[in-house]
Structure formats: C-alpha cells, structure tokens
Protein chains: 2
Amino acid sequence: MNMKKVVNIENPLNEKTDELIKKSLRKNRVIEIFGKCVIEYEGRASSHLGLGDRLILLKPDGTLLVHTKNQREPVNWQPPGSRHYCKTKDQKLVVISKRKSPEEKLVIEFFDVFSISSLDLVDEEELELNRSEEEMGDLLVEKPWIIEKGFSVIKREKETELGYIDLFGEDDRGNKVIIELKRKRISLSAVSQLKRYYDSLKNKYTNLRGLIVGPSVSEKSKNLLNEHGLEFVKLKPEACELGTDLTEYIDN
Amino acid sequence: MNMKKVVNIENPLNEKTDELIKKSLRKNRVIEIFGKCVIEYEGRASSHLGLGDRLILLKPDGTLLVHTKNQREPVNWQPPGSRHYCKTKDQKLVVISKRKSPEEKLVIEFFDVFSISSLDLVDEEELELNRSEEEMGDLLVEKPWIIEKGFSVIKREKETELGYIDLFGEDDRGNKVIIELKRKRISLSAVSQLKRYYDSLKNKYTNLRGLIVGPSVSEKSKNLLNEHGLEFVKLKPEACELGTDLTEYIDN
DNA sequence: ATCTGGATTTCGATG
DNA sequence: CATCGAAGTCCAGAT
C-alpha cells in the first residue's frame, strides 16, 4: 500500500540535513521541518521573530510557510515564486527564501532541528466550492424574479469608470437597477461600494436604483442605505445551491 | 542537543495511526500527516475535494490546515477553536474537525498515509512587525509637519457615525482635516472610505478637508479624489521606521 | 505589469 | 456577540 517514498530524518545531524534539503528542493518535493529557530524578514514590511519551535513548510512552487502552534495564519512566509536556498553556517542550518518584485527575503536560522520529512505530492484535483458570490449571481440571472416581480438582468459584471457592477438590470417600470451581491452581512464598506457605482452612472441614467443583496444588514449600514436612497434585498447564499426550495420568494 | 521527543511513523499502519493521533491530540501536540485523501467541507460554504496527496496540519488551538503542493493558502481548513476527532472506518483513517457558531464540519478520509509526525512546540515569542499602518500613524503624531507646514493632530482613531478616522487634525488656517492612512497604493475603495468619513462630518465642520496618505495613487483614484475635492499626500511606509532620513519632507 | 474586488478571508480591537 | 477595518493579506480575472 505504501509505495510512496518518504524521506524522513528523526534526529537530523546538520551536515546531512543540508544535503537532504538541497536534494529535495531539486526534486521539487514538499519539505517539512520541525525546529527551533530565529526568523528575519525584510521586504514589503520587516519583522523579527525570536527563538522558538516552529514548523516550516517548503513547497515546490516557491511558497514557504512558518507555522507556530496557534492560528490559521503562518507567522512568516514567502509567496509562490520565491527561490529557496539552504546552507550550514556556524554549525547551524540556515534556510533562505528570496523573491523579486517586490524584493523580499526571509532568513530562518535553526538552533535545533527535530524532524524533517520530504515527499513528492501528486494532486491533480481541483476544489469544488459552492455558495460563493458568483453562485448568487448565477441564481439571479436564471431566476431574476427573486429580486422582485418584473425585474430582468441586462448585464453581468458591467464595467463602469469606478469598478465592476455585479448585476445591471431593469425593473417593471423601466428603471435601471444596479445590484451589488454579498454573501455576508452588509457592511458600511459594501454600501460605500454600491454608492460609488451609483454615482458613476447617475448622470447616464435618469431613473436609477441601487440594490444591495445579502443575507442580512447591520443597523448603521441600513441607515446609510436609506440616506443614499439605496435598497436592501434579503437573500442567503445557501439558497443559491441547486435544489433549494425557493417558495419563500415566489410571491415576488 | 535533540532532547525533544518526536513521534514519527514512516509507514503507518492504520490501527496504530489512529491511536497515535488520538494520543497526540490529548497531549496538545502539533500533528502533521502526509497522505492521500478525499475531503468534504460543509459550513459557511461547502466544498468537495477529490483524491490527491496533501499535507494535513492539526494544531493544539483547534486549527486544521490542508495544504497541497502549491499556493500559500490551504485548500481546506478549520479555524482555531474547532474540535478534532479521528477514527478508523472501513480500514481507512478518518479525521474530522467541527466547530459551532458558525457550524462547520470538515471530513478527511485517507486512502493512504505516508508519514505522521507529532511534536510539542514551545514558542513564547511574539512577532515584531514594522512598517504597518499603525507605525505611519505613530510617525505623523510625532512629526505632523510631514503632512504639511502648520498641521497638527487633534485625535487618533476618531470615531464617527460611519467608522473610525485614522487621524483627525487641523491645518494652519483653522480647517479641520480628516486623514486616512494607507501603506499601499491608494485604491478606489480607499477613496470611498475617506469620502464616507468626510460626508459624516461635513455637516459638523464647515471648513473640512480630507487627505489620503500613502506611497502612491492610481489614476482612477486620483480622478475620484479630485471629483470629491479630496487630497493625496505621498508618504512611503518605510519612511516610518526609526532612523529614516526625512529631509525630503522638511521643506513642508 | 497594474487594477479590481472576493474570501469558508483571518485577525485584532472595541463596544 | 456584532461591528469595523487592516493585512507583508492571497488570489483570480481582466486590461
């Protein structure tokens, strides 16, 4: 069953780890290092991280991740496209990752290495993700009556001077309608975004409405919508999955 | 030197891996699994990921990460605070992670396991990060003349009806000044944000200016600033680090 | 290369 | 718990 070759050193000696990492980098393997280290970063920002235990992950696409025992986010990293190097200096393993444009450099100095594994990962599958904002758009193009009776879509992703409008359409009285879709509760910045689109088209269309569509809206956002004469339409992203009962919208 | 105990199985048998993972979870270790798996997610969104090789990371704070050989971002994950479980079903290792509020569930079914390591990571260090937007604020509070001659800061993080203003101050002619700080090139949404703050205070102060401070500004954003009567002031975040030569601002 | 906006954003601060 | 905005955001798509 386990025909896959895992290179694994439990108590790595520095002279050997150096070699192993270099070879694994050449072979485009994913490399994982548990170790005690100090980290310096210099680039878009700059940072210093004192001595501690971390897990370092080197990916064949040039990604480098430094994970601590907490948090979803890496404490330090290099984005895809970086170049990784490694050497032994003063008896210590040093891993360096650089990229250009923007110029960025990460230096990891190991004071102890607990474990190294490296492996060729084969993965051709792509993630199928549902309930995105895009799916909300798909649903409304197909069933525009969910917005309101008589509504019709003219254009998806309409470009304006000031950004892209999710849906542009027309109501049963001939008003043009700008629709901004959100899969989460409506925030102030979402309202500002809609207002910006509205302003960019209000000179072009005399009868113009602006709708924001999402699962809910905060109090302040609702007030701001009212001030600007914009409207809110309730629609939860989970309603946009196939086979969902939409009868609650049917009296529109 | 290597007194740290690394639990490491190179060719894990499923009966043993089950036990090892359960024990490591109890002991709050960081667990890393290389394996071939299928993944289902159901929660804020939903997703399916077909058979492929991945690296799974389980953290003691309840974070779970699934990394493929590419990208900085995990292809699937659970945020901190989730609960991890593991079992053997149909001779296959299954790892499950759940959280409530919002309800989310991730199920990883392994068809092959290549390597497992688990380790107690000790890390008390905090990251020292420089060149943040906050540091730009620190500098301008200390040296307000960088904005312009005669400018003075009245308040940091001033709250308004429609959000928090980074800096609120006054110029040498008695105009009140709203300042929005950005460490990156100014985008349309940054301008919208400043406009929102400006609108929320323009009734309160008759002589009001709105400045946006950042390293550069896009053409569209510059136009939108002009339309609204708002202003741009150039300041790079790296200038906010200690010991930087600020003579280029000194004629202000 | 830049611009634009979404994201299972995450994260921290604040009320 | 909700709101708000930054982030070395990342990332995809469009120009």
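By convention in this document, chain letters (A, B, ...) are assigned in the order of the sequence lines, proteins followed by strands, and residues within each chain are numbered from 1.
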### Task
Tell me which of B:Leu181 and A:Glu159 sits closer to the 5' end of DNA chain D, going by the nucleotide each one is nearest to.
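First, find each residue's nearest nucleotide; the 5'-ward one identifies B:Leu181.
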### DNA chain D: 5'-proximal contact among A:Leu106 and B:Arg196 (nearest heavy atom)
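Closer to the 5' end of DNA chain D: B:Arg196.
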### Query
Hey, is B:Arg29 close enough to B:Asp120 for a salt bridge, meaning N to O under 4.0 Å?
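Salt bridge absent between B:Arg29 and B:Asp120.
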### Query
Less than 4.0 Å between a side-chain N and a carboxylate O, is that true for A:Glu104 and A:Lys98?
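Salt bridge flag = no for A:Glu104 with A:Lys98.
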Atom [atom1] of [X] and atom [atom2] of [N]: how far apart are they, to the nearest Å?
| X | N | atom1 | atom2 | value |
| --- | --- | --- | --- | --- |
| A:Lys222 | D:dT3 | NZ | P | 11 Å |
| A:Glu126 | D:dC11 | CD | P | 14 Å |
| A:Ile186 | D:dA2 | CD1 | P | 16 Å |
| A:Glu135 | C:dG6 | CD | P | 16 Å |
| A:Leu129 | C:dA7 | CG | C1' | 9 Å |
| A:Glu134 | D:dA14 | CD | P | 10 Å |
| A:Leu194 | C:dG5 | CG | C1' | 14 Å |
| A:Leu188 | D:dG5 | CG | C1' | 10 Å |

With a 4.0 Å limit, can you tell me whether [X] has a side-chain N or O closer than that to the phosphate oxygens OP1/OP2 of [N]?
| X | N | answer |
| --- | --- | --- |
| B:Lys220 | C:dT4 | yes |
| A:Gln193 | C:dT4 | no |
| A:Arg44 | D:dC10 | yes |
| B:Gln71 | D:dA12 | yes |
| B:Ser132 | D:dG8 | no |
| A:Arg185 | D:dT3 | yes |
| A:Gln78 | D:dG8 | no |
| B:Ser189 | C:dT4 | no |
| B:Lys182 | D:dA6 | yes |
| A:Arg72 | C:dA7 | no |
| B:Ser187 | C:dG5 | no |
| B:Trp77 | C:dT10 | yes |
| A:Arg183 | C:dT9 | yes |

Describe the nucleic acid contact of [X] in one word from base, sugar-phosphate, nothing, applying a heavy-atom distance below 4.0 Å.
| X | value |
| --- | --- |
| B:Gly43 | nothing |
| B:Pro80 | sugar-phosphate |
| A:Glu103 | nothing |
| A:Ser101 | sugar-phosphate |
| B:Leu127 | nothing |

### Task
With side chain to side chain donor-acceptor pair (under 3.5 Å) as the test, would you mind laying out the steps for A:Thr63 and B:Arg72 before giving the verdict?
CA-CA 6 Å; A:Thr63 303; B:Arg72 204 210 78 138; over 6 Å; no
### Query
Out of A:Ile108, A:Leu65, A:Thr68, A:Ile33, which residue meets the side-chain contact (heavy atoms from CB on, under 4.5 Å) rule with A:Arg54?
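Checked A:Ile108, A:Leu65, A:Thr68, A:Ile33 against A:Arg54; only one passes side-chain contact (heavy atoms from CB on, under 4.5 Å): A:Thr68.
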### Task
Identify which one of A:Leu57, A:Leu119, A:Leu58, A:Ile56 satisfies the side-chain contact (heavy atoms from CB on, under 4.5 Å) criterion when paired with A:Glu32.
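When side-chain contact (heavy atoms from CB on, under 4.5 Å) is applied between A:Glu32 and each of A:Leu57, A:Leu119, A:Leu58, A:Ile56, only A:Leu57 qualifies.
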Roughly how many Å apart are [M] and [N], using the [atom1] atom of each and rounding to a whole number?
| N | M | atom1 | answer |
| --- | --- | --- | --- |
| D:dC11 | D:dA7 | C1' | 14 Å |
| D:dG5 | D:dT9 | C1' | 13 Å |
| C:dT4 | C:dT8 | P | 23 Å |

### Query
Are A:Leu235 and A:Leu140 side-chain neighbours, meaning at least one heavy-atom pair lies under 4.5 Å?
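Yes, at least one pair of side-chain atoms sits under 4.5 Å.
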### Query
Between the base of C:dG6 and the side chain of A:Glu133, is there any donor-acceptor pair under 3.5 Å?
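When only heavy-atom distances are counted, A:Glu133 does not reach the base of C:dG6 through any donor-acceptor pair under 3.5 Å.
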### Query
Do A:Tyr164 and C:dG5 have a side chain to base donor-acceptor pair shorter than 3.5 Å?
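Looking at the base of C:dG5, it does not pair with any donor or acceptor on the side chain of A:Tyr164 (distance under 3.5 Å).
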### Message
Can you work out whether B:Ser218 or B:Arg99 has the more 5'-proximal nearest nucleotide on DNA chain C?
### Response
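Comparing both residues, the 5'-ward one is B:Ser218.
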### Message
Nearest to the A:Glu104 side chain among C:dT8, D:dA6, D:dG8, which nucleotide is it?
### Response
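Between C:dT8, D:dA6, D:dG8, the one nearest the side chain of A:Glu104 would be D:dG8.
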### Query
Do the numbers put A:Lys155 on top of the ring of A:Phe168, so that NZ or CZ is under 6.0 Å from the six-membered ring centre and no more than 45° off the axis?
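Ring-cation test returns no.
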### Query
In terms of heavy-atom contacts, does CD of A:Glu134 have more than 12 from other residues, nucleotides or ligands at under 6.0 Å?
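Atom CD in A:Glu134 is not packed in, count stays at 12 or less.
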